[in-house]
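Here the structure comes first, spelled out in structure tokens, and everything after it is commentary.
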Amino acid sequence: MTNKDSESEKGVDEQLEQRNGSAGVTGKRQKVKAHSKKWWWVYLILFIAGVLIVTLPIIYVGFPNIAQNGVNKAHLEVTGLEFYNPTPDSIQVTERIITHNPSMYTPTLDPWSGGTFVVTNGTYSDKAIVYLPVPKTHTLHPLSNAAIVNATVPINDQAQIALYATQLVKLEKVTTALVGKPLLHIGKLPAIHVNYNASTTYSGMNGLQGFNVTNIRIDPGNTLLILPNMNGTAFIPNPSNITADLGNVTFSLKDPAGVEVGVALIENMLLRPGDNNLPLVGMLNQTLVIPALENGFINLTITGTDCIYNGKHIPYYEAALAANLFHLRLNVLQILKDSLGI
Ligand SMILES: *[C@@H]1O[C@H](CO)[C@@H](O)[C@H](O)[C@H]1NC(C)=O
Ligand SMILES: *[C@@H]1O[C@H](CO)[C@@H](O)[C@H](O)[C@H]1NC(C)=O
Ligand SMILES: *[C@@H]1O[C@H](CO)[C@@H](O)[C@H](O)[C@H]1NC(C)=O
Ligand SMILES: *[C@@H]1O[C@H](CO)[C@@H](O)[C@H](O)[C@H]1NC(C)=O
Ligand SMILES: *[C@@H]1O[C@H](CO)[C@@H](O)[C@H](O)[C@H]1NC(C)=O
Ligand SMILES: *[C@@H]1O[C@H](CO)[C@@H](O)[C@H](O)[C@H]1NC(C)=O
Ligand SMILES: *[C@@H]1O[C@H](CO)[C@@H](O)[C@H](O)[C@H]1NC(C)=O
Ligand SMILES: *[C@@H]1O[C@H](CO)[C@@H](O)[C@H](O)[C@H]1NC(C)=O
Ligand SMILES: *[C@@H]1O[C@H](CO)[C@@H](O)[C@H](O)[C@H]1NC(C)=O
């Protein structure tokens, strides 16, 4: 159709319209109908293209953004941690997590490897402590539970696990982050990898404040120290939700001058949340204790020196224990009286 043709047609149309009034409209409709019959496939293609132009970005750009925003807004809460069977280069971890999901999207995350990073005063460590196998989780609104149960994982970095163990023992609040790229699904939409990077703050052991040793008995006849000459009950309050099996822990007992006057051992030291009462045995060198007495009392500084599990030193626990000092004021005269039953 040339321009001229269409112009002349238009002219005829107008004339018809002017003459016949509404009859012109009917003519136009028929023309439109005829045009549609001929060109329907063009309209169909344009319609499909339009739908795709609108929906593809939603699926491939908008949906990943929505999914990523949802993941960013989710808040992670660690409700329990358990550490068992430590070896110098691996540890068995249980981590219980609540995910708070403010969004109405309830995606599923495939199993993924979550790097756990220490966050010190808001700054992420550059290396992960461990990589945890996070199981497949279906996130619900407003919250859902997930757990990594007794996963034996290699230590990723010795300095980071030593830092983490030290913070767990010493600090009132500890922050770690779970970082990775899980595959996310919502319904039938294409699965996408999202950046997961959630930090969470929880209670640490706060220096195990309140540490004490009660029911101490001394055997004054045993001065050769071939066998323990002291025993008692270590009272260790743990204000966190963290369980740690430390194995056989040896402590050094020092007087105010810094002289080691004895050693103590807690066998199979398993710290659970709440108050722990663990049997303790020790060897006190009376030759050194007696001159350090002050009105029958001695102030001891106690530090964990060795942490041995299945015959192996656990360096990261030893670092944590060495960084934490306990102070204990002992009434040695009273202990002697109790021990001799006088
Ligand atoms: C321990 O976890 C529970 C939830 O399981 C929580 O309510 C409580 O505050 C936690 N306690 C500490 C000291 O973090
Ligand atoms: C965090 O910062 C405070 C104040 O600057 C400081 O006292 C504290 O030692 C820092 N904590 C750690 C774990 O470095
Ligand atoms: C994890 O393992 C420890 C020791 O191997 C065991 O005492 C504990 O019950 C286990 N925890 C779970 C949840 O199975
Ligand atoms: C996670 O977020 C923190 C703080 O926003 C940032 O420093 C860190 O580089 C992020 N890590 C990754 C792997 O995206
Ligand atoms: C430790 O225990 C003893 C004996 O039960 C008690 O007299 C003492 O006050 C306790 N010390 C602390 C610091 O709690
Ligand atoms: C603690 O020591 C006393 C005195 O040496 C001894 O009689 C007692 O049997 C010991 N108790 C334990 C549980 O070892
Ligand atoms: C106790 O300490 C004294 C003085 O340092 C030392 O001579 C003695 O050998 C020690 N006793 C034992 C059994 O270690
Ligand atoms: C021992 O500790 C008590 C109470 O903390 C303190 O008053 C005393 O001066 C200390 N004695 C020595 C010798 O450090
Ligand atoms: C602690 O020492 C005792 C006695 O030597 C031993 O039977 C036990 O297996 C040790 N515990 C660990 C966790 O290594």
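Just the heavy atoms: all of them, side chains too, but no hydrogens, waters or symmetry mates, feed the values below. Remember, it's a predicted structure, so these values are computed and weren't measured experimentally.
Checked by atom type, the side-chain pair Thr176/Gln167 shows no donor-acceptor distance below 3.5 Å. Under the 3.5 Å distance criterion, with hydrogens and angles disregarded, a donor-acceptor pair is assigned to the side chains of Thr201 and Thr175. His327 and Asn299 share no side-chain donor-acceptor pair at under 3.5 Å. Using modelled atom types, one finds a donor on one side chain and an acceptor on the other under 3.5 Å when comparing Asp89 with Thr87.
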Which donor-acceptor pairs under 3.5 Å do side chains of residues 188-199 form with protein atoms, sequence neighbours excluded?
unit_1: His193; atom_1: ND1; unit_2: Lys181; atom_2: O; d: 3.0
unit_1: Asn195; atom_1: OD1; unit_2: Lys181; atom_2: NZ; d: 2.7
unit_1: Asn197; atom_1: OD1; unit_2: Tyr124; atom_2: OH; d: 2.7

Between side-chain atoms of residues 33-44 and protein atoms elsewhere (two or more places apart, or another chain), which donor-acceptor pairs fall under 3.5 Å?
unit_1: Ser36; atom_1: OG; unit_2: Val32; atom_2: O; d: 2.7
unit_1: Trp41; atom_1: NE1; unit_2: Lys38; atom_2: O; d: 3.3

Output a table of donor-acceptor pairs, distance under 3.5 Å, between side-chain atoms of residues 249-264 and any protein atom two or more places apart or on a different chain; print 'none' if there are none.
unit_1: Ser252; atom_1: OG; unit_2: Glu260; atom_2: OE1; d: 2.7
unit_1: Asp255; atom_1: OD1; unit_2: Ala257; atom_2: N; d: 2.9
unit_1: Asp255; atom_1: OD1; unit_2: Gly258; atom_2: N; d: 3.0
unit_1: Asp255; atom_1: OD1; unit_2: Val259; atom_2: N; d: 2.8

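Remark: side-chain polar atoms of Glu318 are paired, donor with acceptor, to backbone N or O of Cys307 under 3.5 angstrom. Between the side chain of Lys127 and the main chain of Gln160, no donor-acceptor pair closer than 3.5 Å is present. Here the side chain of Asn248 pairs a donor or acceptor atom with the backbone of Asn268 at under 3.5 angstrom. Here the side chain of Asn295 pairs no donor or acceptor atom with the backbone of Phe297 at under 3.5 angstrom. A donor-acceptor pair under 3.5 Å is formed between the side chain of Thr94 and the backbone N or O of Asn150. Listed for the Asn241 side chain is a donor-acceptor partner under 3.5 Å among the backbone atoms of Thr79. Remark: side-chain polar atoms of Gln334 are not paired, donor with acceptor, to backbone N or O of Gly296 under 3.5 angstrom. Side-chain atoms of Thr200 come within 3.5 Å of backbone N or O of Leu76 as a donor-acceptor pair. No side-chain donor-acceptor contact under 3.5 Å links Asp306 to the backbone of Gly304. Side chain of His141 to main chain of Ser103: a donor-acceptor pair is present (N/O by atom type, distance under 3.5 Å, no hydrogens or angles).
Taking CG of Asn231 as the start and CG of Asp219 as the end, the distance is 9.5 Å to the nearest 0.5 Å. To the nearest 0.5 Å, atoms CZ (Arg217) and OG1 (Thr233) are separated by 9.5 Å. Of the inter-residue distances, the one linking Asn212 atom CG with Leu328 atom CG reads 5.5 Å to the nearest 0.5 angstrom. Atom CD1 of Ile308 sits about 12.5 Å away from atom CG of Leu246, to the nearest 0.5 Å. Taken to the nearest 0.5 Å, the OG1 atom of Thr303 stands 9.0 Å off from the CZ atom of Phe326.
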Would you sort out whether Val93 and Phe83 count as a side-chain contact (heavy atoms from CB on, under 4.5 Å), showing the intermediate values? CA-CA 5 Å; Val93 181; Phe83 301 101; 4.1 Å; yes

Set out, in order, the CA-CA distance, both residues' side-chain angles and the distance that settles side-chain contact (heavy atoms from CB on, under 4.5 Å) for Leu321 and Thr305, then state yes or no. CA-CA 7 Å; Leu321 291 166; Thr305 52; over 6 Å; no

Given Leu330 and Ile216, is the side-chain contact (heavy atoms from CB on, under 4.5 Å) satisfied, shown in steps? CA-CA 9 Å; Leu330 282 189; Ile216 301 178; 3.3 Å; yes

Criterion side-chain contact (heavy atoms from CB on, under 4.5 Å) on Thr137 and Thr99, from CA distance to verdict: CA-CA 10 Å; Thr137 38; Thr99 303; over 6 Å; no

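Nearest approach of Ser203 to Ser240, heavy atoms of both residues: O-CB, 3.3 Å. The heavy-atom pair separating Ile148 from Pro135 by the smallest distance is CG1-CD, 3.8 Å. Smallest separation of non-hydrogen atoms from Met283 and Pro228: CG-CA, 3.8 Å. Minimum interatomic distance between Gly204 and Val174 (heavy atoms only, all atoms of both residues): CA-CG2, 3.9 Å. Closest approach of Pro237 and Phe211 over heavy atoms only: CD-N, 3.9 Å. Taking both residues in full, the closest heavy atoms of Val134 and Gly114 are given as CG2-N, 4.1 Å, listed atom of the first, atom of the second, then distance.
Residues Leu171 and Val78 share a hydrophobic cluster, clusters being chains of Ile/Leu/Val/Met/Phe/Trp/Tyr side chains in contact below 4.5 Å. Tyr131 and Leu81 fall into different hydrophobic clusters, where Ile, Leu, Val, Met, Phe, Trp and Tyr residues are linked whenever their side-chain heavy atoms come under 4.5 Å apart, directly or through other members. One hydrophobic cluster holds both Tyr202 and Val130 under the rule that ILVMFWY side chains link at heavy-atom gaps under 4.5 Å. Side-chain heavy atoms closer than 4.5 Å link hydrophobic residues (I, L, V, M, F, W, Y) into clusters, and following such links, even through other members, never connects Val281 to Ile218. Taking hydrophobic clusters as Ile, Leu, Val, Met, Phe, Trp and Tyr residues chained together by side-chain heavy-atom distances below 4.5 Å, Phe235 does not share a cluster with Val213.
Contact check for Ile97 versus Glu77: no side-chain heavy atoms found under the 4.5 Å cut-off. Side-chain contact between Ile45 and Ile48: absent, with no pair of heavy atoms (C-beta onward) separated by less than 4.5 Å. By the 4.5 Å heavy-atom criterion applied to side chains, Ser125 and Tyr164 are not counted as neighbours. Residues Tyr105 and Thr139 have side chains not in contact (no heavy-atom distance under 4.5 Å, counting atoms from C-beta outward). Between Asn238 and Arg272, the closest side-chain pair of non-hydrogen atoms is not below 4.5 Å. Within the 4.5 Å cutoff, side-chain heavy atoms of Met205 are placed close to those of Ile242. Between Asn156 and Phe117 there is no side-chain heavy-atom pair separated by less than 4.5 Å. In this structure, Ile91 and Val153 have side chains that are in contact, with non-hydrogen atoms separated by less than 4.5 Å.
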